[in-house]
Amino acid sequence: MSAIKRWINGQLNNRTCTVVLVGASTARRKWINYEIEESWRRRMGVVGVRIHQLKDQNGQQSSAGRNPFEEFSLGNTSLSAIAKLHESPYADSKFTYAHISQYRSSWIEEAIIIRNAH
């Protein structure tokens with residue numbers, strides 16, 4: 001097992017939910033996919049939060065990336081039809097950050113409920 005895989009597994013231990021921060025190039029990344037797959041296998045809640053409206057270190061915003069949950073199938077159903085991907089209604093970085101801060105706890109709780117139902 002690689003050092004990265006061991007580190008991810010250690011971070012998932014004793015957790016109930018994985019929050020995937022979705023930027024312009026999050027989808028299809030090997031270790032993001034591993035983390036999503038392993039979290040679901042462990043019966044953890046999985047939720048995505050789009051972060052493209054937040055400014056980077058250069059004060060720039062990026063474009064929205066693909067939904068990483070579309071990469072996974074659960075039988076005939078895509079994980080994207082089950083796991084929620086949240087996006088702030090605001091274009092402003094400051095308001096987006098406040099929106100994420102305000103709702104993240106309820107999104108996590110909802111993800112755990114959804115996982116327990118599947």
Side-chain angles (χ1 to χ4, degrees):
M1 182 181 302
S2 75
I4 295 171
K5 193 180 276 192
R6 278 193 304 275
W7 181 82
I8 291 171
N9 287 340
Q11 295 300 306
L12 296 178
N13 287 339
N14 303 310
R15 303 287 192 258
T16 56
C17 187
T18 295
V19 177
V20 180
L21 302 178
V22 180
S25 57
T26 302
R28 296 191 190 144
R29 290 205 170 168
K30 176 181 178 179
W31 297 114
I32 295 294
N33 287 348
Y34 175 77
E35 186 174 7
I36 292 168
E37 184 174 23
E38 185 64 15
S39 297
W40 192 261
R41 188 190 69 73
R42 292 181 185 209
R43 302 207 48 80
M44 295 169 58
V46 177
V47 63
V49 179
R50 289 196 180 275
I51 59 168
H52 65 283
Q53 294 127 319
L54 298 176
K55 291 182 180 178
D56 64 16
Q57 67 272 15
N58 299 316
Q60 302 296 311
Q61 293 173 303
S62 65
S63 59
R66 288 178 31 105
N67 182 341
F69 303 138
E70 291 174 353
E71 305 296 317
F72 300 93
S73 294
L74 305 169
N76 293 330
T77 305
S78 172
L79 182 57
S80 65
I82 298 168
K84 302 263 179 112
L85 176 59
H86 296 279
E87 182 169 352
S88 173
Y90 304 105
D92 180 86
S93 184
K94 187 171 159 182
F95 291 124
T96 295
Y97 183 81
H99 180 83
I100 293 169
S101 295
Q102 179 180 356
Y103 290 100
R104 70 178 175 231
S105 294
S106 62
W107 295 338
I108 290 168
E109 289 175 21
E110 178 185 39
I112 294 166
I113 290 167
I114 289 169
R115 181 61 182 113
N116 287 335
H118 288 90

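The first residue in the sequence is number 1, and the count goes up from there. Only this structure's heavy atoms are used, side chains among them; waters, hydrogens and symmetry mates stay out.
Taking the side chain as every heavy atom from C-beta outward, Asp56 and Ser62 never approach each other to under 4.5 Å. Residues Lys94 and Leu54 are not in side-chain contact: their nearest non-hydrogen atoms beyond the backbone lie 4.5 Å or more apart. Under the 4.5 Å side-chain criterion, counting only non-hydrogen atoms from C-beta, Arg104 is not in contact with Glu109. Here the side chains of Arg66 and Glu71 are in contact, with some heavy-atom distance below 4.5 Å.
The NE2 atom of His118 lies 10.0 Å from the CZ atom of Arg43; values are rounded to the nearest 0.5 Å. For the atom pair CD1 of Ile114 and NZ of Lys84, the computed distance is 4.5 Å after rounding to the nearest 0.5 Å. Summarising the geometry, atom CG belonging to Asn67 is positioned 7.0 Å from atom OG belonging to Ser78; distances are rounded to the nearest 0.5 Å. Here the CD atom belonging to Glu110 is positioned 11.5 Å from the CD1 atom belonging to Ile108, to the nearest 0.5 angstrom. For the atom pair Ser88 OG and Ile51 CD1, the distance stands at 12.5 Å (nearest 0.5 Å). Here the CD1 atom belonging to Ile112 is positioned 3.5 Å from the OG1 atom belonging to Thr16, to the nearest 0.5 angstrom.
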* Decide yes or no on salt bridge (charged side-chain N to carboxylate O under 4.0 Å, His left out) for Arg41 and Glu37, but give the supporting numbers first. => CA-CA 6 Å; Arg41 188 190 69 73; Glu37 184 174 23; over 6 Å; no
* Should His99 and Phe95 be marked as a ring-ring contact (aromatic ring centres under 6.0 Å, His included) after you check the CA-CA gap, both sets of side-chain angles, and the distance that decides it? -> CA-CA 6 Å; His99 180 83; Phe95 291 124; over 10 Å; no
* To do: Show your reasoning for whether salt bridge (charged side-chain N to carboxylate O under 4.0 Å, His left out) applies to Lys5 and Glu38.
  => CA-CA 10 Å; Lys5 193 180 276 192; Glu38 185 64 15; over 6 Å; no
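The environment of Trp7 atom CH2 is sparse: at most 12 non-hydrogen atoms of other residues, nucleotides or ligands sit within 6.0 angstrom. Atom CZ of Phe72 has more than 12 neighbouring heavy atoms from other residues, nucleotides or ligands inside a 6.0 Å radius. Within a 6.0 Å sphere centred on CG of Asn58, other residues, nucleotides and ligands contribute more than 12 heavy atoms.
Looking at Gln61, its side chain does come within 3.5 Å of a backbone N or O of Gln53 through a donor-acceptor pair. Side-chain atoms of Arg50 come within 3.5 Å of backbone atoms of Gly65 as a donor-acceptor pair (strictly under, hydrogens ignored). In terms of modelled atom types and a separation under 3.5 Å, the side chain of Ser73 and the main chain of Gly75 share no donor-acceptor contact. Side-chain atoms of Ser63 never come within 3.5 Å of backbone atoms of Ala24 as a donor-acceptor pair (strictly under, hydrogens ignored). Side-chain atoms of Glu35 never come within 3.5 Å of backbone atoms of Thr18 as a donor-acceptor pair (strictly under, hydrogens ignored). Arg115 contributes a side-chain N or O that, together with a main-chain N or O of Trp40, makes up a donor-acceptor pair within less than 3.5 Å. Glu87 places no side-chain N or O within donor-acceptor distance of the main-chain N or O of Val49, the cut-off being under 3.5 Å.
With Ser39 as reference, Val46 is the one residue of Val47, Ile8, Val46 to meet the side chain to side chain contact (heavy atoms under 4.5 Å, CB included) rule.
With no hydrogens or angles considered, no side-chain donor-acceptor pair links Ser2 and Arg6 at under 3.5 Å. Donor-acceptor pairing under 3.5 Å is lacking for the side chains of Tyr97 and Asp92.
When the side chains of ILVMFWY residues are joined at heavy-atom separations under 4.5 Å, either directly or via intervening members, Leu21 and Tyr103 end up in a single hydrophobic cluster. The cluster map of Ile, Leu, Val, Met, Phe, Trp and Tyr, joined by side-chain heavy atoms under 4.5 Å apart, puts Leu74 and Phe69 in the same cluster. Cluster annotation: Leu79 is not connected to Val19 through the hydrophobic network of ILVMFWY side chains, with a link wherever side-chain heavy atoms come within less than 4.5 Å. Cluster membership for Met44 and Tyr34, using ILVMFWY side-chain heavy atoms within less than 4.5 angstrom, is shared. Leu85 and Ile36 fall within the same hydrophobic cluster, defined by Ile, Leu, Val, Met, Phe, Trp and Tyr side-chain heavy atoms under 4.5 Å apart, directly or through other members.
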